[in-house]
J.: 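Okay, handing you the structure first.
Lettering of chains follows the sequences in order, A, B, ..., and the numbering in each one begins at 1.
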Amino acid sequence: MVKLDGSEGEGGGQILRSALTLSALTGQPFEITKIRAGRAKPGLLRQHLTALRAAAAICGGKYSDDVTIGATELMFYPGDIRAGNYEFAVGTAGSAMLVLQTILLPLLQASEPSRVIISGGTHNPAAPPFQFVDQCFLPQLRAMGADVELSLLQYGFMPAGGGKVMATIQPCDGLKTLDILDRGSSEELIAEAYFANIPFDVAERELGHISKRLKLPKTAAQVREVKSIGPGNMLGVTARFEHVTEFISAFGRRGTRAEDVADGVADEVRAYLDGSAAVGPHLADQLLLPMAIAGGGSFTTSAPTPHTQTNASTIAEFLDINVRFEPIDKSDDVTVTVDRKI
Amino acid sequence: MIMRKKVVIGFLGTTLDKGRGAERWNRWRPSVAVCQHPDLIVDRYELLRDPAHARLGGVVAADIGLISPETTVYAHNLPLKDPWDFGEVYAALLDFAADYPFDPDNEDYMIQITTGTHVAQICMFLLTEARHMPGQLLQIAPPRRWAEGKPGDYATIDLDLSKYDQIAARFRKDADDATSFLKSGVETRDVAFNQMIDQIEQVTIRSDAPILLSGPTGAGKTQLARRIYELKKARHRVQGSLVEVNCATLRGDQAMSALFGHRKGAFTGAVADRPGLLKSADKGLLFLDEIGELGVDEQAMLLRAIEEKRFLPVGADKEISSAFILIAGTNRDLLQEVRAGRFRQDLLARLDLWTYRLPGLAERRDDIEPNLDYELQRYAEQSGDRITFNKEASQAFLRFAVSPDARWSGNFRDLGAAVTRMATLAPSGRITTAIVDDEITRLRSRWREDGPEEAGNSRAALEELFDAEQLDEIDPFDRPQLAFVIETCRRSRTLSEAGRSLFAASRKRRTSSNDGDRLRKYLAKFDLDWASVSDR
């Protein structure tokens, strides 16, 4: 049984989600203690419970009935991964994308195709938005041999949620290793302001300001009014390169000026464009698991975040895999290499 | 283990929960926010609202369903003409609580007191404190700084914890209601009796321990047991039914199987399984009247059933369980029964935690008047005829009823029978002096027939005041008279009243006399005085 200390590293819900994914994939049960021990509300929250139930559903996993909100430890016993049509709902506009992330890789190993519909928040500030998963992460996963289609049926912003994503996952005969050491040539840079149930001019002002900051032509700035139950607004910039795509976004909220939202995104985009690492911090978090399952891979990224490091150490508990972080001369960047222990 | 469900009961906030456009998500709406906490899953939301706000209620219910797919919302119609009218709101909520299928064994209830009028909030508090709603109070507050999706704070308050005693003490009115309920709504005046009922109310609401009710036949033990059951049921202390049994009717072999049940074929004639009275009272209340009549074997089984909540039906090879609350009634002195070896001491010890002696009606003369009103009302409910006394008739009856001449040996049964007779004979619903006079004659003759039994009681009265040695000093010639005098004193409120009754015949012949003084002198002959005789 793999034993994990939930208070280590990033100390939040990521360690649990990664453990669930790895447990389902490897068939190893695990025990986690001190779940979110250092947080203001320690233990499992609703969104973690949903991830737990989803993981259990796709692999016939078992855990004690008394695991509920506030639980600070649990044991999980995975069974066989089962393809199928699954539907999950996340409360409090919690991220549907994080639940998808938890079960996506295991379902690739099933012998039949699966269809998963998850409702909840598709655009939650505390998680990667749909566009990030769709445009940045999935192309890399496809490059490793996976056949996954993702569609956004409805936008769900905080706080109302009510969004819906659907993923179709085909069986995959083992993932291939992947190396993303440089971006390749620049192909596209566009900004899009998404909004629902708020005044149009907020989106316009965001776009106007970011176009000025990033010197974008008019054709590269799009206003996208979307259907959603509640109000919501996201400004996103897609930087498409030959080998990698980066999506950088921020959410507008009441009391924050449209120009300030645009400035935040612009600063982050500039930092990425000025750097030379191929992979941004968020994508780096997500690439470790598929590379570990593939048995190898590498990428360059800026200094690793606590999320990335937590994922690396959780992987080492389940698999004979090393994740090495090697500094690149004359920069803060690192090369991350995933390979089998010899 | 089955997870306990969390259920919120709360009013729709007609101001705070308002909003129909998308902008509503930019405001803190308490009923929605309750279901938005990342560390709280509400399984069910019981949303109370006036039918006029059905539309708003629908929006709130849909929004809760959206942000909290785990929650099912049920709307309840609570029509209120004036939501600031204390009486109306309280009555409506009480009705709701009485009809609501509370299941505290499997569900946790949170009574949300942030929405609704101030009056509604107070009523919710009162009903929770009095356990009409068996839950904790839920207080919610908006976040200090607004941000999308931030649900703010919530706190639950368990009123069972002692630190809330002070808050609870402020709401005595509701407690008074419960007490009055136990007394069947009769406004009794007898101070000692009222204090006893107060305590029984506390015990009923807070404890599941056995209660022992002693007192003469007709003092109202069965009626009190029924009221205790109803109060416990209203406060969710019992879910099961009330099973009443008079142990005097259980004799021989039948007693065992009637109480504890039997398996098919346990004995000749046992053609089917019989669950038995103890099993029928599972999760409910068992009232064993005349428990002193129970056989010794049954006593042993009963003791085990009380202590272990398990017992063996006749002919069964496996014990079965039943969790019941026991109320025992007796008109015998069980301590004496223990001494005589007829009652188990350990069973008495188990029953003797909360023991209440219900005095006979003769000992509660102040309560005769309120009970007379109650009996009239009861007659009206049963027969549909509303009967009243005329003023002189009522005074005449009461004068007799509270006088030492009225023995009330059958207690409330006598009073009830007297009222029924008078009411039945009343021409056009009015009880007249003539009817009262006839009834007084009837009662007197009835009580004269009770004579021999009374003599036995009188002997007991002498034994209370004198030890064996002193009793030997009193001539057998004097004993019946002294016993009669003592008995009359005990039925009287003052020395003069007792004197007037004892010397009634001589009073008629003389113009003036001091009956009280004459009685005092008589008592002094036996080293007795008013205080020692009347005090018990």
Side-chain angles (χ1 to χ4, degrees), chain A residues 12-13 36 39-50 53 64-71 87-96 118-121 123-126 154 156-164 195-199 227-233 251-256, chain B residues 1-6 8 17 19-45 58-73 106-108 110 142-156:
Chain A
R36 301 182 68 256
R39 300 300 171 97
K41 288 179 174 164
L44 292 179
L45 298 181
R46 289 167 78 161
Q47 47 164 324
H48 307 123
L49 215 52
T50 313
R53 287 186 187 136
S64 166
D65 280 346
D66 52 16
V67 171
T68 184
I69 283 194
E87 282 198 39
F88 304 107
V90 193
T92 65
S95 174
I118 306 174
S119 50
H123 292 80
N124 177 313
Q154 172 141 312
F157 293 98
M158 280 282 266
K164 214 171 240 189
F195 75 100
N197 304 312
I198 61 158
K227 244 185 90 83
S228 183
I229 285 167
N233 164 234
F251 289 85
R253 56 177 54 189
R254 242 174 32 148
T256 309
Chain B
M1 185 182 117
I2 298 160
M3 292 305 285
R4 297 176 65 81
K5 282 198 164 27
K6 282 206 183 328
V8 173
D17 285 335
R20 267 194 273 146
E23 62 77 42
R24 68 186 186 274
W25 292 102
N26 289 329
R27 288 186 19 242
W28 182 77
R29 293 177 295 160
S31 298
V32 177
V34 171
C35 303
Q36 238 172 334
H37 287 275
D39 59 347
L40 174 71
I41 292 181
V42 176
D43 295 288
R44 214 162 68 233
Y45 202 116
V59 172
V60 168
D63 286 350
I64 290 175
L66 190 68
I67 50 100
S68 185
E70 299 94 334
T71 310
T72 315
V73 184
N106 298 305
E107 301 185 332
D108 290 322
M110 292 184 287
R144 249 167 244 144
R145 255 192 78 223
W146 165 263
E148 279 86 0
K150 279 262 177 70
D153 299 315
Y154 73 90
T156 53

J.: Let me know if A:Ile69 has heavy atoms under 4.5 Å from chain B in its side chain, its backbone, both or neither.
T.: side chain
J.: What's the shortest heavy-atom distance between A:Gly230 and B:Trp25, and which atoms?
T.: CA-CD1, 3.7 Å
J.: Do you know the tightest heavy-atom contact between A:Arg46 and B:Ser68?
T.: NH2-OG, 2.6 Å
J.: What's the separation between atom CG in A:Asn197 and atom CD in B:Glu23, rounded to the nearest 0.5 Å?
T.: 10.5 Å
J.: Quick one: what part of A:Leu49 sits under 4.5 Å from any heavy atom of chain B, side chain, backbone, both or neither?
T.: side chain
J.: Do you know which of B:Thr71, B:Ile67, B:Asp63, B:Leu40 has the most heavy-atom pairs under 4.5 Å to chain A?
T.: B:Ile67
J.: Identify, with sequence neighbours excluded, every residue that meets side chain to side chain contact (heavy atoms under 4.5 Å, CB included) alongside A:Glu87.
T.: A:Ile117
J.: Taking all non-hydrogen atoms of both residues, which atom of A:Pro231 and which atom of B:Asn26 are closest, and how far apart?
T.: CG-OD1, 3.9 Å
J.: Picking from B:Pro38, B:Ala22, B:Cys35, B:Gly21, which has the most non-hydrogen pairs under 4.5 angstrom with chain A?
T.: B:Pro38
J.: Among A:Gly161, A:Gly162, A:Gly156, A:Ala160, single out the residue with the greatest number of heavy-atom pairs under 4.5 Å to chain B.
T.: A:Ala160
J.: Can you tell me how far CZ of A:Arg36 sits from CG of B:Asp39, rounded to the nearest 0.5 angstrom?
T.: 9.0 Å
